[in-house]
Q: 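First the structure, which I've put down as structure tokens, then a few questions once you've had a look.
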There are 2 protein chains.
Amino acid sequence: MTTDEPRTDPTRRAGVRQVAERAGVALSSVSRVLSGHPDVSELMRHRVLDAVAALGYEPDHLAQSLRRGASMTVGYVVGDISNPLTAQIALGAETALRRAGYSLLLVNSTSDPDLDAQHIRLLRQRRTDGLLLAMADERHAATIAELERYPGPCVLVDRVCAKLPRASGVHSDHRAGLSAAVEHLYRLGHRHIALVNGDPRVLPARERAAVLRRFARGVPDLEVTVRPGGFTAAHGRDATAALLAGGAGRPTAVIAGGNQILPGVLAAVRAAGLTVPTDLSLVTCDQVALVEFLRPPLATVTRDLGDLGEVAAALLLERLSGRARRRVTLPTGFRADHSCAPPPKRPT
Amino acid sequence: MTTDEPRTDPTRRAGVRQVAERAGVALSSVSRVLSGHPDVSELMRHRVLDAVAALGYEPDHLAQSLRRGASMTVGYVVGDISNPLTAQIALGAETALRRAGYSLLLVNSTSDPDLDAQHIRLLRQRRTDGLLLAMADERHAATIAELERYPGPCVLVDRVCAKLPRASGVHSDHRAGLSAAVEHLYRLGHRHIALVNGDPRVLPARERAAVLRRFARGVPDLEVTVRPGGFTAAHGRDATAALLAGGAGRPTAVIAGGNQILPGVLAAVRAAGLTVPTDLSLVTCDQVALVEFLRPPLATVTRDLGDLGEVAAALLLERLSGRARRRVTLPTGFRADHSCAPPPKRPT
DNA sequence: CCATTTACCGGAAACGATTCCAGTAGCGGG
DNA sequence: CCCGCTACTGGAATCGTTTCCGGTAAATGG
């Protein structure tokens with residue numbers, strides 16, 4: 001027979017209070033048992049645990065967070081989660097963080113720097129313990145300001161920002177892979193290579209542009225064209241169309257500077273009625289589903305995005321456990337394929 | 001030097017307490033001003049707002065959640081966020097939810113039903129106000145049990161579960177699009193159509209299989225084969241290889257039952273040395289990047305995944321604002337393309 | 001001029017946990 | 001016999017808010 005408890009609302013879930021009452025001990029003892037404090041007798045442990053089981057007690061994570069001053073939550077600010085690249089990074093990060101007991105609060109900025117800043121502020125108010133960040137503009141003043149006010153550690157993923165010396169960071173070695181690609185094209189005989197690039201406000205685009213420019217300086221007979229713009233199919237299409245309309249001066253090889261840009265490039269190439277690689281060589285950045293089934297299969301600058309996410313999570317966890325900030329660079333590679341061939345003979 | 005003044009630690013961020021102190025008013029008044037309570041004089045409003053501005057006060061979302069009993073957070077349990085389909089849904093949902101003031105807690109189950117259940121429990125402890133759920137197995141007992149214990153509203157996305165009458169749901173009308181595809185193939189002359197299907201523990205796979213079986217029953221001279229398995233490229237490859245090895249009895253058209261399966265199907269077709277559509281017609285489910293640039297471009301069962309996410313969010317918001325649960329079905333379409341052609345003549 | 005409303009404000013009790021601080025009891029040692 | 005030590009336990013403060021409740025003063029009405 002259960003003792004009739006005076007005002008124990010059974011619809012409401014049990015708290016430490018109810019557990020204590022039922023076990024006939026103090027609240028503090030319940031808490032001690034549950035948190036594994038050494039000062040508990042075997043008898044106490046059993047009484048409490050029994051009551052916990054009987055009531056189906058579950059701790060309230062919110063109250064714990066408030067009291068302990070740690071929410072066991074990290075924010076992930078991302079430009080566009082629907083981008084498979086971003087999503088792969090997110091997977092790696094979420095898995096690693098969850099393993100360490102953290103949950104991931106995801107916010108999407110639609111690549112709008114102002115939204116980035118707003119989101120950082122939101123995540124501060126939500127008391128996230130740390131931040132993973134792939135901002136849309138590494139130099140955006142409001143974003144940097146909010147980041148400086150953010151009290152917890154922060155990891156930039158595939159981004160760098162000199163004004164944030166406090167932040168850890170992980171990024172791919174974009175130069176290595178793309179350099180290999182350009183070299184490959186040069187060896188095949190290409191003397192005019194174009195890069196349909198993304199937005200230079202972020203690291204990957206700047207690094208890729210830098211590679212082309214460095215080659216242009218170092219190799220006198222190589223002409224390069226860089227077309228910066230947004231990481232969008234529309235930009236890919238328009239920029240490529242413009243390049244291909246260049247008549248005799250047009251490039252013989254085009255590099256798509258990102259998976260979002262690639263479909264646009266392909267569309268423009270198709271619209272121009274050119275065949276790859278006979279009329280034009282093609283390279284893309286970042287392995288994405290189906291790239292290897294295009295005809296011809298596309299040469300690709302590759303990297304492991306799951307790694308990127310995992311390392312980002314690891315760096316954040318390091319800082320959360322008091323260790324120092326770090327910067328990590330991950331390798332990239334280049335997979336040559338049938339989309340690259342010697343350039344067509346120029347009509348002299 | 002012991003001052004019994006209330007210790008005002010300047011390193012610590014200001015709370016309502018500090019604001020009240022500085023403005024020379026009571027805590028309750030600060031709260032009233034900030035929450036727009038009618039009982040505030042103009043003078044009070046200004047004094048408080050000035051103090052807020054001076055101290056840079058920001059409310060603590062955690063404490064608010066605890067006190068108000070609403071965390072303004074919803075959980076999203078997902079099999080694999082790195083799947084672009086899932087990611088697109090997530091984008092739609094996050095955008096709609098954020099507009100309504102909610103944040104999204106993302107958890108990944110790697111399509112493991114047990115993890116699904118664990119995650120639901122975690123999200124309950126974290127006091128999320130509601131749940132978006134695309135479970136790995138609609139009939140998994142532990143998952144259903146946890147879901148029944150979950151106190152808030154819940155929306156199944158692209159899933160159904162008869163045992164959960166409380167849940168809202170949104171799913172695509174998978175039958176419509178796939179029926180159109182099968183009809184198209186039949187009209188072209190195909191009499192043996194195979195579906196390399198996903199895991200029948202979830203709605204989309206079951207619906208797709210149902211379409212094939214219904215046709216088989218209704219159209220006597222049509223043979224169908226369904227190969228269920230995981231939503232993986234490996235299954236796509238193996239199942240397709242087995243089908244194509246079937247000699248004279250092999251299907252003349254293959255449908256890839258999901259974007260994850262497609263690369264495997266393509267690999268097997270390529271390995272078998274067959275050309276599409278001369279030797280084999282191909283259809284895939286779900287528009288995904290680059291599908292239209294395959295050679296030949298793939299006929300596709302289409303749907304709008306952003307919509308799916310947005311509607312899921314809308315259904316959840318409805319329930320959160322006290323309205324009744326609802327089930328919504330979204331349309332699918334079929335885009336015929338060059339990957340479908342009449343079957344090769346059979347050697348008689 | 002008194003009664004009643006109106007408009008506003010402050011105090012204190014929640015929300016559900018953790019943790020510090022005393023206090024009690026048992027026990028061995030000097 | 002008393003002291004100090006160990007092993008444990010209960011009470012109360014605290015985290016940062018919201019909200020109920022009672023109270024005061026001015027304004028209104030008759």
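Chain A is the first sequence line, chain B the second, and so forth, proteins listed ahead of strands; every chain is numbered from 1.
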Q: Mind checking B/Asp39 for me? I need base, sugar-phosphate or nothing, with any heavy atom below 4.0 Å counting as a touch.
A: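 Base: the residue B/Asp39, judged by heavy atoms under 4.0 Å, touches a nucleobase.
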Q: Rounded to the nearest 0.5 Å, how far does CG of A/Asn108 lie from CG of B/Leu97?
A: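 It is 12.0 Å, given to the nearest 0.5 Å.
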Q: Go nucleotide by nucleotide along DNA chain C from the 5' end; which of B/Glu42 and A/Leu34 gets its closest nucleotide reached first?
A: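 Per heavy-atom nearest nucleotide, the more 5' residue is B/Glu42.
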Q: Nearest-Å distance, CE (B/Met44) to C1' (C/dG10)?
A: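 These atoms are roughly 9 Å apart.
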Q: Measure CZ/A/Arg68 against C1'/C/dT18 and give the value in whole Å, please.
A: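 Atom-to-atom, A/Arg68 to C/dT18, this comes out as 8 Å.
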Q: Where the side chain of B/Ser31 is defined as all heavy atoms beyond and including C-beta, which of D/dT18, C/dA17, D/dG11 is the nearest nucleotide?
A: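 Among the listed nucleotides, the one closest to the side chain of B/Ser31 is D/dT18.
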Q: Let me confirm one number: the CZ-CD distance from B/Arg17 to B/Glu21, rounded to the nearest 0.5 Å.
A: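 Taking CZ in B/Arg17 and CD in B/Glu21, the distance rounds to 7.0 Å.
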Q: Provide, to the nearest angstrom, the distance between the CG atom belonging to A/Leu62 and the C1' atom belonging to D/dC15.
A: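 About 12 Å, once rounded to whole Å.
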Q: Looking at B/Glu58 and A/Arg124, is any side-chain nitrogen of the basic one under 4.0 Å from a carboxylate oxygen of the acidic one?
A: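 A salt bridge links A/Arg124 with B/Glu58.
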Q: Would you say A/Asp80's side chain and A/Thr110's backbone share a donor-acceptor pair under 3.5 angstrom?
A: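 No, the answer is negative, given that no donor and acceptor are paired below the 3.5 Å cut-off.
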Q: With nearest nucleotides of DNA chain D determined for A/Leu27 and A/Val40 from heavy-atom distances, which residue corresponds to the more 5′ nucleotide?
A: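 Per heavy-atom nearest nucleotide, the more 5' residue is A/Val40.
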Q: Could you state the CZ-C1' distance from A/Arg127 to D/dT17, rounded to the nearest angstrom?
A: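 One finds 11 Å between C1' of D/dT17 and CZ of A/Arg127, rounded.
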Q: Looking only at the side chain of B/Arg67 (C-beta and beyond, no hydrogens), which of the listed nucleotides C/dG16, D/dC8, C/dA13 gets closest?
A: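 From the listed options, C/dA13 comes nearest.
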Q: Closest nucleotide of DNA chain D for B/Ala63 versus for B/Ser29: which of these residues is on the 5' side?
A: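 Nearer the 5' end of the strand: B/Ala63.
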Q: Checking the side chain of A/Arg159 only, and the main-chain atoms of A/Val202 only, is there a donor and an acceptor separated by less than 3.5 Å?
A: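 No, the answer is negative, given that no donor and acceptor are paired below the 3.5 Å cut-off.
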Q: Would you kindly give the CG-to-P distance between B/Leu43 and C/dC9, to the nearest whole Å?
A: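 For the pair B/Leu43 CG and C/dC9 P, the rounded distance is 7 Å.
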Q: On the nucleotide D/dT9, are OP1 or OP2 found under 4.0 Å from the side-chain N or O atoms that A/Ser41 carries?
A: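 Yes, such a contact exists.
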Q: C/dA17 C1' sits how many Å from B/Arg126 CZ, rounded?
A: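 Distance, rounded to whole Å: 15 Å.
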Q: When we call it a touch if two heavy atoms are under 4.0 Å apart, what does A/Val25 touch: a base, just sugar-phosphate, or nothing?
A: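 Here A/Val25 touches the backbone only, sparing every base.
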Q: Just N and O in the side chain of B/Gln64: are any of them under 4.0 Å from OP1 or OP2 of D/dT18?
A: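 Looking at the OP1 and OP2 atoms of D/dT18, one of them is under 4.0 Å from a side-chain N or O of B/Gln64.
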Q: Just compare D/dC20, C/dA17, D/dG10 and give me whichever is closest to any side-chain atom of B/Arg32.
A: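 Closest nucleotide among those given: D/dC20.
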Q: Tell me the interatomic distance from B/Arg17, atom CZ, to C/dA13, atom P, rounded to whole angstroms.
A: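 It works out to 14 Å between those atoms.
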Q: Provide, to the nearest angstrom, the distance between the CG atom belonging to A/Leu66 and the P atom belonging to D/dC15.
A: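 Result: 9 Å.
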Q: Taking only the side-chain heavy atoms of A/Ala26 (C-beta and beyond), determine which of C/dG11, C/dA17, D/dG11 contains the nearest atom.
A: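 Of all the options, the side chain of A/Ala26 is nearest to D/dG11.
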